[in-house]
Number of protein chains: 2
Amino acid sequence: MFKELDPLLHSQLRLAVMSLLISVEEAEFTFIKEKTGATAGNLSVQIDKLKQAGYITVNKSFRDNYPLTQCKITKKGIKCFEIYVENLKSYLKPA
Amino acid sequence: MFKELDPLLHSQLRLAVMSLLISVEEAEFTFIKEKTGATAGNLSVQIDKLKQAGYITVNKSFRDNYPLTQCKITKKGIKCFEIYVENLKSYLKPA
DNA sequence: ATAAAGTAGTTTATAAAATAAACTAAAATA
DNA sequence: TATTTTAGTTTATTTTATAAACTACTTTAT
């Protein structure tokens with residue numbers, strides 16, 4: 001009947017992050033922050049959760065003297081996102 | 001870019017309840033419990049939240065000596081569910 | 001008649017999650 | 001050189017989800 005929804009993805013902000021990364025393949029922290037409208041603190045926490053789960057990789061470096069955090073979705077992340085979207089449909093379609 | 005997701009509906013169990021009520025128009029507590037696989041306690045709490053928000057109406061009576069709780073989606077509930085589904089699409093479609 | 005088990009829930013307590021506020025550290029600018 | 005800005009992280013607080021415990025009654029078995 002109703003499929004399980006990956007709790008890691010069933011979160012507005014983390015879902016938005018994954019949705020962005022699915023399309024752009026790589027994105028900077030500040031870009032994600034701007035696109036999602038999230039606060040830096042919240043975004044930092046949620047990105048870390050996605051990283052811990054292996055859904056994204058995070059690369060930290062410097063650009064023009066400033067810290068630069070880049071995020072990239074993993075194969076696992078893509079797979080889990082697709083499954084989530086598929087499972088979500090069981091809640092949206094009228095029976 | 002990303003639309004706001006009604007936090008009341010962005011919950012696996014409450015969304016399942018609303019999804020059921022959208023299609024059947026009226027359902028008993030035990031029916032919802034069975035279909036969603038939720039515990040009675042959890043379901044009781046979530047149904048109350050949906051009721052408080054005016055998304056459903058709850059009618060309590062007795063049938064064959066046992067308490068009977070019937071739930072029905074409201075016009076407001078239908079509208080909010082539809083908006084939720086619409087807004088959710090902004091997260092699912094690859095840009 | 002009464003003890004045990006079952007039905008249909010509600011309330012309370014606990015765990016987990018989301019979020020905001022405060023903080024760090026350095027760079028740019030006035 | 002003091003102030004503001006950039007780019008974040010960490011910690012604390014609030015909210016949410018969930019499970020455990022409880023209520024109240026009914027049915028069935030003894």
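Note that the structure is a prediction, hence the values are computed from the model and not measured. Just so it is clear: chains get the letters A, B, ... in the order the sequence lines come, proteins before strands, and each one is counted from 1.
Annotation: side-chain hydrogen bond (donor to acceptor under 3.5 Å, both in side chains) contacts involving residues 30-47 of chain B, sequence neighbours excluded, comprise R14(B)-Q46(B), N42(B)-Q46(B). Applying the salt bridge (charged side-chain N to carboxylate O under 4.0 Å, His left out) rule to pairs touching residues 70-80 of chain B yields E25(B)-K72(B), sequence neighbours excluded. Applying the side-chain hydrogen bond (donor to acceptor under 3.5 Å, both in side chains) test to residues at least two apart or on different chains, the pairs with a partner in residues 56-69 of chain A are E28(A)-R63(A).
Taking atom NZ of residue K33(A) and atom C1' of nucleotide dA7(D), one finds them 9 Å apart after rounding to whole Å. A straight line from NE2 of H10(B) to C1' of dT15(D) spans 15 Å, rounded to a whole angstrom. Distance D6(B) CG to dA18(C) P: 16 Å, rounded to the nearest Å. Between the NZ atom of K51(A) and the P atom of dG8(D) there is a distance of 13 Å, rounded to whole Å. For D48(B) and dT16(D), the CG to P distance is 14 Å, given to the nearest whole Å. Here the P atom of nucleotide dA20(C) and the CG atom of L13(A) are 10 Å apart, to the nearest Å. Note: CD (Q46(B)) to C1' (dA19(D)) measures 12 Å, nearest angstrom. To the nearest angstrom, P of dA18(C) lies 13 Å from CG of L5(B).
A sub-4.0 Å separation between OP1 or OP2 of dA17(C) and a side-chain N or O of R14(A) is absent. Contact annotation: N65(B) reaches the phosphate of dT27(D) (side-chain N/O to OP1 or OP2, under 4.0 Å).
Figure legend. dA30(C) is base-paired to dT1(D); pairs are counted as Watson-Crick or G-U wobble with both atom distances under 3.5 Å.
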Close N/O contacts between protein and nucleotides 6-16 of chain C (under 3.5 Å):
unit_1	atom_1	unit_2	atom_2	d
dA8(C)	O3'	P67(B)	O	3.1
dG9(C)	OP1	T69(B)	N	2.9
dG9(C)	OP1	T69(B)	OG1	2.3
dT10(C)	OP1	K60(B)	NZ	2.2
dT10(C)	OP2	S44(B)	OG	2.3

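Looking at heavy-atom distances under 4.0 Å, Q12(B) makes no contact with the nucleic acid at all.
Partner of Y55(A) under the side chain to side chain contact (heavy atoms under 4.5 Å, CB included) criterion, chosen from I47(A), V17(A), D6(A): D6(A). Of the candidates I78(B), L50(B), L8(B), L50(B) is the only one forming a side chain to side chain contact (heavy atoms under 4.5 Å, CB included) with M18(B).
For S23(B) (side chain) and S19(B) (main-chain N/O), a donor-acceptor pair under 3.5 Å exists by modelled atom type.
For N87(A), there are no side chain to side chain donor-acceptor pair (under 3.5 Å) partners, not counting sequence neighbours. Remark: E4(B) engages Q12(A) in a side chain to side chain donor-acceptor pair (under 3.5 Å) (not counting sequence neighbours). Contacts of F2(A) classified as ring-ring contact (aromatic ring centres under 6.0 Å, His included), with partners at least two apart in sequence or in another chain: Y91(A).
Within residues 81-91 of chain B, no residue is approached by DNA chain D to less than 4.0 Å at the level of any non-hydrogen atom.
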